[in-house]
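Quick note: numbers below take in every heavy atom, side chains included, and nothing from hydrogens, waters or symmetry partners.
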Amino acid sequence: MRKIQALLILEEDTKQLNKIYEKIDLYKNMPIDTVKIRLASNLNEKYLEDLFSLNKKFASDNLLLMIEVNLIEVSKNLLGVNYKNESFDEPKMQKASFSFLNFLVKRGIRAFDFGEMDYLVKNNTNDKKIIETSRLINKNLRSLNKEVLSLCDLSDKKLNLYEILTGDSDFDFSYINRPINIFDEKSRDLLKNTYKNDGSISYKIGRIKNRQDNRSFIKESLILTSLALIDSPLYIEDTYPYLDIEGPIGSIKEYLGKIYDIKDKFSTLPRKEFYEIIKKDKDIYSYSLKIGNNKFLFIGNLTQKEILVNISMYVSNYSEYKLLLGNYGKRTIVKNLLLRSYEGLIFVRK
């Protein structure tokens, strides 16, 4: 199984490089390894040199700089055209895009986010066209460096997401950004099958609609706990309101630090044997998997009520497991395990 190319991606909604420079010390103290910024519209020589300088500074601090690129806007900028109906299918648009991407890769940029794919295939949004465009972009992107990381977003209204996300279509982006909702059975099923088929999802977390959105630490940390063992990056949106959510054992930022350490520790080890357990109880989400020589058990309460689980019915040697992570703090696994409201637990057997 592949090594995760990024563990936690932090989204910065800015094009101003000086603001990113000012935050480097902050990033170094956050549980992230990648920062995504938006490419400026005015691609003058000074801006690009500042961008490459910023990228070198990130690399020296063991951080990865990811660039959000709109290929249509870049091409129009480079070609000096301003037509509303320009299509990425036009050879001149592709040539300008790929020349610019190759230039960035040559200068050391190695992570890109191309955003929602619709704008690149707006005249023909079927599965085949989207997959062809994916291959074309990534073939050119990796012609100089096979290790380049690429992300995109996909709308689930216009294509067979299940086939693409479960790895059956040879979709060439490193990861597809998708929101995650473990409280929805279809979303959990997609997570399971993507994992089993070596699919490539970067799970979006943290979207807060407004400052009055009073998120529950326990509910949000349950989602994070369910994803800690999955070999996919976490993509953090609306960073600061989300990270500041406080709970009984600290903040979301502090809890993400524990998630990051787990992902980092096991990122290079082979994973197998994903089994969903306690399937008949829709109020519980639980699975077991193996990473290297370690056996893991995740169990989560999807409701506000307390639930008593006879764990011995599902895990015969449960007493050999020790707590790795829990969103209420320390717990010991026992035969009759009482799960509190939205409690998420990971146990490990070495």
Side-chain angles (χ1 to χ4, degrees), residues 4 6-11 30-32 153 156 165 175-195 199 201-209 213-264 266 274 276-278 281-289 296-307 309 323-329 331 339-347:
I4 308 174
L7 302 178
L8 269 73
I9 303 168
L10 181 146
E11 176 188 80
M30 294 178 69
I32 60 171
D153 283 36
D156 55 5
L165 290 173
Y175 300 104
I176 301 167
N177 270 332
R178 292 291 299 163
I180 179 68
N181 178 16
I182 66 163
F183 302 98
D184 175 69
E185 186 175 358
K186 289 184 179 179
S187 186
R188 297 195 301 270
D189 184 61
L190 182 61
L191 183 151
K192 175 183 67 177
N193 285 288
T194 302
Y195 180 94
I201 297 182
S202 172
Y203 289 108
K204 289 185 177 182
I205 57 173
R207 172 62 68 185
I208 293 180
K209 295 181 179 179
D213 187 354
N214 186 21
R215 292 288 183 93
S216 159
F217 170 89
I218 294 300
K219 194 170 183 179
E220 294 300 316
S221 58
L222 167 62
I223 297 171
L224 295 176
T225 309
S226 74
L227 299 172
L229 301 172
I230 304 300
D231 58 334
S232 298
L234 300 182
Y235 181 100
I236 311 169
E237 302 179 286
D238 283 344
T239 309
Y240 302 106
Y242 179 72
L243 294 179
D244 291 339
I245 296 173
E246 291 285 343
I249 59 170
S251 67
I252 288 291
K253 176 183 175 181
E254 292 168 328
Y255 200 71
L256 271 171
K258 298 177 182 179
I259 303 288
Y260 182 91
D261 289 343
I262 291 171
K263 283 185 167 291
D264 186 41
F266 299 113
F274 185 109
E276 191 171 358
I277 59 179
I278 319 181
D281 192 333
K282 300 303 180 182
D283 292 336
I284 295 174
Y285 177 43
S286 183
Y287 62 79
S288 66
L289 58 80
F296 294 87
L297 170 67
F298 164 78
I299 183 168
N301 179 359
L302 301 178
T303 73
Q304 287 185 313
K305 63 186 180 183
E306 292 184 339
I307 299 177
V309 181
L323 183 70
L324 178 66
L325 182 67
N327 61 349
Y328 277 88
R331 291 296 306 270
L339 296 176
R340 290 166 283 192
S341 171
Y342 299 119
E343 185 166 18
L345 300 164
I346 296 176
F347 296 100

Flag the pair K263 / L234 as yes when at least one side-chain heavy-atom distance between them is below 4.5 Å, and no otherwise. yes
If I compare all heavy atoms of L302 with all of K282, which pair ends up nearest, and what's the gap? CD1-O, 3.7 Å
Looking only at the aromatic ring of each residue, does the gap between the centers of F183 and Y285 stay below 6.0 angstrom? no
May I ask you to test the L222-S216 pair for a side-chain heavy-atom distance under 4.5 Å? no
Mind checking whether Y203 and L191 have side chains closer than 4.5 Å, heavy atoms only? yes
Just how far is it from atom CD1 of I299 to atom CG of L339, taken to the nearest 0.5 Å? 4.5 Å
Closest non-hydrogen atoms of L325 and A228, given as atom of the first, atom of the second and distance, are CD2-CB, 4.4 Å
Any idea which heavy atoms bring F217 and E246 closest together, and the distance? CB-O, 3.3 Å
Evaluate the side-chain proximity of I245 to Y255: yes if any heavy-atom separation is below 4.5 Å, no if none is. no
Taking the six-membered ring for Trp, are Y195 and Y287 ring centroids under 6.0 Å apart? no
Determine, for D189 against K186, whether the closest basic-nitrogen to carboxylate-oxygen distance falls under 4.0 angstrom. no
Any side-chain donor paired with an acceptor under 3.5 Å for E11 and Y235? yes
Minimum heavy-atom distance S251-L243, with the two atoms named: CB-O, 3.7 Å
Non-hydrogen atoms of S187 and I180 that approach each other most closely: OG-CD1, 3.5 Å
When every non-hydrogen atom of F347 is compared with those of R331, the smallest separation belongs to CE2-O, 4.4 Å
Has S341 got a side-chain atom pairing as donor or acceptor with Q304's backbone, closer than 3.5 angstrom? yes
Could you tell me whether the side chain of S288 and the main chain of F296 form a donor-acceptor pair under 3.5 Å? no
State, yes or no, whether a side-chain contact exists between L224 and N327 at a heavy-atom distance under 4.5 Å. no
Any side-chain heavy-atom pair of I236 and L256 under 4.5 Å: yes
Donor-acceptor contact below 3.5 Å, side chain T303 vs main chain D283: no
Side-chain donor/acceptor of N301 to backbone N/O of E343, under 3.5 Å: no
Quick one: are I277 and L297 in side-chain contact, heavy atoms under 4.5 Å? yes
